[in-house]
Each structure stands twice: as C-alpha cells, then as structure tokens.
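Single-structure report; data block below.
Numbers here are sequence positions counted from 1.
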Amino acid sequence: SMDLKTCPHPRDAVPPGGAGRRATVVIADAGAAAEVIVVETDLPLSLGSRFRHCGTDWKVVGRRADSRVLVAQPEKV
C-alpha cells in the first residue's frame, strides 16, 4: 500500500528560482489511502493532467463539486 505521509513536502522539492510555479490543491486518492497535497507546477493542472509526487505518477481524474480542489489517482501501469 502507498504511504503518502512519508513523502517530503512538495515545496521541499522545488529548486531555487521556482518563483513562477503554481500551487494547486489536489486530493491524492490511492484507493486505500487519500491525502490532500499541494502540487507545484509550471502550468495549471486540469482534468487529464499528469504529475509526479512521492515517486508516483498521478493523473487528475476529477474536481470536487463547488471547489477548485482536484482529485488525482495513481497512473495505471
């Protein structure tokens, strides 16, 4: 099972000079575990976007109703 809590905070991985990056709130839903994370990217995330977090490739599969919070699931191999 995936333990999202052991991953460093995403901001710890942003290299210096990443000032133009966008922060997006995402629910990382791995099935047995889910966590609210902040993903920093150069381009805005939307339905179908992919990003890497904690060594896992994630795909945005939806959005919470009445909010800007996205929902992502691990990419299927």
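- Ser67 is linked by a side-chain contact (heavy atoms from CB on, under 4.5 Å) to Arg64, Val69, counting only residues two or more places apart in sequence or in another chain.
- When atom types are taken as modelled, the side chain of Trp58 and the backbone of His53 share a donor-acceptor pair closer than 3.5 angstrom.
- Note that the CD atom of Glu35 and the CG atom of Asp29 stand 11.5 Å from one another [nearest 0.5 Å].
- Both Ile27 and Val25 are members of a single hydrophobic cluster when ILVMFWY side chains are connected at heavy-atom separations under 4.5 Å.
- The nearest pair of heavy atoms linking Leu45 to Val26 is CD1-CG2, 4.1 Å.
- The line from CG of Leu70 to CD1 of Ile37 is 10.0 Å long, rounded to the nearest 0.5 Å.
- For the atom pair OG1 of Thr41 and CZ of Phe51, the computed distance is 9.0 Å after rounding to the nearest 0.5 Å.
- Of all the heavy atoms in Ser49 and Pro44, the pair that sits closest is OG-O, 4.3 Å.
- Remark: Asp66 pairs with no residue by the salt bridge (Lys or Arg N to Asp or Glu O under 4.0 Å) rule, at least two apart or across chains.
- Screening residues 42-63 for salt bridge (charged side-chain N to carboxylate O under 4.0 Å, His left out) gives Arg21-Asp42, Arg50-Glu75, Arg52-Asp57 as the qualifying pairs, with residues at least two apart or on separate chains.
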